[in-house]
Chemist: 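The structure that follows is given in the form of structure tokens.
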Amino acid sequence: MNKASIIILAAGKGSRMKSIKPKVLHNISGKPMIYHIIKEARKISDDINIVLAHQRDIVSDEILKYFTDITFFEQDDINFPGTGGALRNIHVKHDKILVLNGDMPLITANTLKPFLTIDADIVLSVLHLKNPHGYGRVKIHNNEVKYIIEQKDASDEELMIRHVNAGVYAFRKNVLTSYINKIQNNNAQNEFYLTDIIALAKQDRLTIKPLIVDEKQFMGVNSKEDLASAEIIMQNRIKSKWMTEGVAMQLPDTIYIEDGVQFKGECIIENNCRITGDSIIKNSHIKASCVIENSLVCDSDVGPLAHLRPQSKLTNTHIGNFVEVKKSSLDGVKAGHLSYIGDANVQSGTNIGAGVITCNYDGLKKYQTKIGKNVFIGSDSQLIAPIEIEDDVMIAAGTTLSCKKVPKGSLAISRVKVKFIEHFFYKFFKK
Ligand code: UD1
Ligand code: MG
């Protein structure tokens, strides 16, 4: 593989997203669009450069959360707006340069490699679309690119062209540096279009080859509708990868799994589940309509309709319907119905009855609940944290535990004696 530098253009305003958030930071499968691009780009290059301007600190801070070995350049977007302006004053390591738009989150290293093997001064990514709306149209003649015309500048005849520029370009370094400053801004948007470099290079008889690419890898995201379309494609990729690895999914079109999630062993995921963050699911069955956020689930079954919030850790555990777990560790536990378990550590053999609540918050601070082994917690009990329940304890149904500790082997019971008021019903309803 020829060595190449990669430049990702991420300085634009992204106004069609109608958002205060920079376009390249909108998420696809739980990670910013630009994250996906950088992740793939790094597989084929040791020199990744990103051009920023609009909200540059927000964008670079986010990128630096994931990657450190990145060079940032700043575009003078006041004097030189547009994709052509973005590439002025760039200095990169290698003689071959791959330029990528920052709004193409579906590209992969494998689909980028061919750009580096074709022998030409410029290689241009070209999509052939039934509906070319929004993209720059590419005029091709004898398998050479003649020019690109942006939609806003195109004649009626040019608008009919179905070959469009996908936004990936491979340049010889000297070609890019010698033409980039010649680009003018006499167009509908008064911007410096990188795409104009094609016609300039063509005048000098440089070779400009089209490389026909697939929309599923190269679509550009300019609007929230595009974002949703790209999300579907990325989700299908993620799910088909895991199914290939042996994960069973029922109605996978209804399941959402983020990029950082990992499955191990044999897992079954039923319909309508959402699994996010860096969750790890190992040898477990996730029943219908569960939400699992950034949690670990090992040798367990969860749901239907359960919610594991971040930092939950389940091993050998059964979680049933309408149970919410947050920042808790449960090992060998059963919590079959309607519970809230937050900031808790629960040990093996313990049964949590229906309606049990760890009262972990007093309005100011969060407190811990420790529950030992073989504890039986009767239904509708409230455990007011901080509290420790030692091993082999029974908590009677309906108990409110307002103590700091329940000693080993004991029964805890707090009940009001039942009163009977005879004939009350008949008096009340006057029957
Ligand atoms: C661009 C291409 C169009 C192509 C389409 C593919 C140009 C002039 N047009 O149009 O031919 O069909 O991509 O998706 O290049 N950016 C900067 N600085 C700027 C402006 C934009 O860095 O001043 C960055 C953006 O952040 C974005 C990328 O360049 O990541 C493309 O910009 P965008 O505005 O989306 O261009 P398109 O109109 O989609
Ligand atoms: Mg775009």
Side-chain angles (χ1 to χ4, degrees), residues 6-19 21-26 32-38 41 49-56 58-60 63 72-90 99-107 122 124-129 131-139 145 147-154 158-159 161-169 171 180 183-200 210 213 215 217-227 229-230:
I6 293 186
I7 305 174
I8 303 171
L9 307 184
K13 290 200 175 67
S15 30
R16 286 165 283 178
M17 291 299 273
K18 307 266 167 40
S19 173
K21 190 193 255 198
K23 173 160 81 169
V24 296
L25 295 190
H26 283 268
M33 285 205 264
I34 193 133
Y35 163 89
H36 295 286
I37 303 175
I38 299 169
N49 304 271
I50 302 181
V51 185
L52 301 176
H54 179 67
Q55 295 184 296
R56 66 176 194 279
I58 296 175
V59 180
S60 59
I63 291 171
F72 293 103
F73 287 95
E74 194 176 335
Q75 178 182 354
D76 174 359
D77 62 341
I78 306 292
N79 294 311
F80 298 103
T83 47
L87 286 172
R88 287 173 160 246
N89 305 318
I90 301 281
V99 175
L100 313 175
N101 281 354
D103 61 356
M104 6 186 11
L106 301 171
I107 48 166
I122 304 175
L124 177 74
S125 58
V126 175
L127 291 165
H128 189 257
L129 299 179
N131 176 10
H133 183 82
Y135 287 95
R137 309 299 200 270
V138 181
K139 186 75 187 166
V145 181
Y147 64 86
I148 303 173
I149 183 88
E150 291 304 301
Q151 169 151 321
K152 286 185 178 156
D153 302 287
E158 287 164 334
L159 287 174
I161 299 175
R162 286 183 174 179
H163 281 120
V164 302
N165 166 25
V168 174
Y169 319 73
F171 292 101
I180 197 68
I183 292 172
Q184 300 295 313
N185 64 344
N186 48 351
N187 52 52
Q189 303 187 85
N190 290 113
E191 285 188 1
F192 295 82
Y193 294 160
L194 173 59
T195 47
D196 285 352
I197 209 167
I198 303 289
L200 292 171
V213 294
E215 197 184 7
Q217 313 267 351
F218 284 79
M219 73 170 280
V221 171
N222 295 305
S223 65
K224 295 273 170 66
E225 200 177 356
D226 293 340
L227 189 72
S229 306

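Just so you know, residue 1 is the first one in the sequence shown, and it goes up from there. Hydrogens, waters and symmetry mates are skipped; everything else that's a heavy atom, side chains included, is used. These figures come from a predicted structure and were not determined experimentally. Just so you know, ligand 1 is whichever comes first in the structure, and atom 1 is the first atom listed for that ligand.
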Chemist: Test side chain to side chain donor-acceptor pair (under 3.5 Å) on Tyr193 and Asn185; report intermediate values, then the result.
Modeler: CA-CA 7 Å; Tyr193 294 160; Asn185 64 344; over 6 Å; no
Chemist: Number the atoms of ligand 1 from 1 as they appear, then name those within less than 4.0 Å of a heavy atom of Gly136, with their elements.
Modeler: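 Under 4.0 Å from Gly136, ligand 1 has these atoms: 3 (C), 4 (C), 11 (O), 12 (O).
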Chemist: Could you give me the CA-CA distance, side-chain angles and deciding distance for Lys23 and Asn222, then say whether side-chain contact (heavy atoms from CB on, under 4.5 Å) is met?
Modeler: CA-CA 8 Å; Lys23 173 160 81 169; Asn222 295 305; 2.9 Å; yes
Chemist: Could you measure the distance from the CD atom of Gln217 to the CD1 atom of Ile107? Nearest 0.5 Å is fine.
Modeler: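 If I round to the nearest 0.5 Å, the distance is 9.5 Å.
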Chemist: Do the non-hydrogen side-chain atoms of Val213 and Val126 ever get within less than 4.5 Å of each other?
Modeler: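 No, side chains not in contact.
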Chemist: Determine whether a donor-acceptor pair (N or O, by modelled atom type, separation under 3.5 Å) exists between the side chain of Asn49 and the backbone of Ile6.
Modeler: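 Answer holds: yes.
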Chemist: Which residue and atom name correspond to the protein heavy atom nearest atom 1 (C) of ligand 1, and how close is it?
Modeler: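 Here the nearest protein heavy atom works out to Asn101 ND2, 3.7 Å.
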Chemist: In the protein, what heavy atom is nearest to atom 7 (C) of ligand 1, and what distance, to one decimal place, separates them?
Modeler: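 Nearest neighbour among protein heavy atoms for atom 7 (C) of ligand 1, to 0.1 Å: Thr83 OG1, 3.4 Å.
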Chemist: Report, in ascending order of atom number, the atoms of ligand 1 lying under 4.0 Å from any heavy atom of Thr195.
Modeler: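 Matching atoms, with element in brackets: 7 (C), 8 (C), 9 (N), 11 (O), 15 (O).
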Chemist: Using a 4.0 Å cutoff against the non-hydrogen atoms of Gly102, which atoms of ligand 1 qualify?
Modeler: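 Those of ligand 1 that fall under 4.0 Å from Gly102 are 30 (O).
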Chemist: Are His26 and Met17 packed together at the side-chain level, in the sense that at least one heavy-atom pair is separated by less than 4.5 angstrom?
Modeler: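 Side chain of His26 against side chain of Met17, heavy atoms only: contact under 4.5 Å found.
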Chemist: In the protein, which heavy atom is nearest to atom 16 (N) of ligand 1, and how far is it?
Modeler: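 Nearest neighbour among protein heavy atoms for atom 16 (N) of ligand 1, to 0.1 Å: Gly12 N, 3.4 Å.
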Chemist: Give the residue, atom name and distance (to 0.1 Å) of the protein heavy atom nearest atom 18 (N) of ligand 1.
Modeler: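 Looking only at protein heavy atoms, the one closest to atom 18 (N) of ligand 1 is Gln75 OE1, 2.8 Å.
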Chemist: Can you name the atoms of ligand 1, numbered from 1 with element, that are less than 4.0 Å from a heavy atom of Ala166?
Modeler: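 Under 4.0 Å from Ala166, ligand 1 has these atoms: 6 (C), 14 (O).
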Chemist: Between Ile7 and Ile90, is any pair of side-chain heavy atoms under 4.5 Å apart?
Modeler: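 Ile7 reaches Ile90 side chain to side chain.
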Chemist: Check whether any N or O atom of Lys23, backbone or side chain, sits under 3.5 Å from an N or O atom of ligand 1, and answer yes or no.
Modeler: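 Indeed, backbone or side chain, Lys23 has an N or O that close.
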Chemist: How is the N/O/S atom of Asp103 that comes nearest to the Mg ion (ligand 2) named?
Modeler: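 Closest N, O or S atom of Asp103 to the Mg ion (ligand 2): OD2.
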Chemist: Do the non-hydrogen side-chain atoms of Leu194 and Leu9 ever get within less than 4.5 Å of each other?
Modeler: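 SC-SC contact between Leu194 and Leu9 confirmed.
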Chemist: Is Ser19 close to Lys224 at the side-chain level, that is, under 4.5 Å between some pair of heavy atoms?
Modeler: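 Heavy-atom side-chain distance check passes, below 4.5 Å.
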Chemist: Using a plain distance cutoff, I'd like to know if Ala11 has any nitrogen or oxygen under 3.5 Å from a nitrogen or oxygen of ligand 1.
Modeler: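 N/O-N/O distance below 3.5 Å exists for this pair.
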Chemist: Identify the protein heavy atom lying closest to atom 30 (O) of ligand 1, giving its residue, its atom name and the separation to 0.1 Å.
Modeler: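 Checked against all protein heavy atoms, atom 30 (O) of ligand 1 sits closest to Leu9 O, 2.7 Å.
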Chemist: For ligand 1, which atoms, with element, lie under 4.0 Å from some heavy atom of Asn222?
Modeler: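 Every atom of ligand 1 under 4.0 Å from some heavy atom of Asn222: 35 (O), 39 (O).
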Chemist: N/O of Arg16 under 3.5 Å from N/O of ligand 1, yes or no?
Modeler: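 It does: an N or O of Arg16 is found under 3.5 Å from an N or O of ligand 1.
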Chemist: Is the shortest side-chain heavy-atom distance between Pro105 and Val221 below 4.5 Å?
Modeler: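 Touching, per the 4.5 Å side-chain cut-off.
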Chemist: Are a donor atom and an acceptor atom from the side chains of Tyr147 and Glu158 found within less than 3.5 Å of each other?
Modeler: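 Glu158 and Tyr147 do have a side-chain donor-acceptor pair below 3.5 Å.
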Chemist: List every atom of ligand 1 that sits less than 4.0 Å from any heavy atom of Tyr193, numbering the atoms from 1 in the order shown and giving each element.
Modeler: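 Near Tyr193, the atoms of ligand 1 are 8 (C).
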Chemist: Between Lys152 and Asn187, is there a side-chain heavy-atom distance shorter than 4.5 Å?
Modeler: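 Not in contact.
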Chemist: Which heavy atom of the protein is the closest neighbour of atom 4 (C) of ligand 1, given with residue, atom name and distance?
Modeler: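 In this structure, atom 4 (C) of ligand 1 has Asn165 O, 3.1 Å as its nearest protein heavy atom.
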Chemist: Quick check for you: to the nearest 0.5 Å, what is the distance between Phe72 atom CZ and Arg56 atom CZ?
Modeler: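 CZ of Arg56 is found 11.5 Å from CZ of Phe72.
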Chemist: Counting each atom of ligand 1 from 1 as listed, which ones have a heavy atom of Ala86 under 4.0 Å away?
Modeler: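 Close to Ala86: 18 (N), 22 (O).
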Chemist: Heavy-atom contacts with Asp103 under 4.0 Å: which atoms of ligand 1 show up? List them by number with element.
Modeler: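 That gives atoms 30 (O), 35 (O) of ligand 1.
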Chemist: Give yes or no for whether the N/O distance cutoff of 3.5 Å, strictly under, is met between Gly82 and ligand 1.
Modeler: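 Yes, at least one N or O pair falls under 3.5 Å.
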Chemist: Taking 2.8 Å as the cut-off, does Met104 contribute an N, O or S atom near the Mg ion (ligand 2), distance below it?
Modeler: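 So Met104 does not count as coordinating the Mg ion (ligand 2).
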Chemist: How far is atom 10 (O) of ligand 1 from its nearest protein heavy atom, and which residue and atom is that?
Modeler: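 Result: Glu150 OE1, 4.0 Å.
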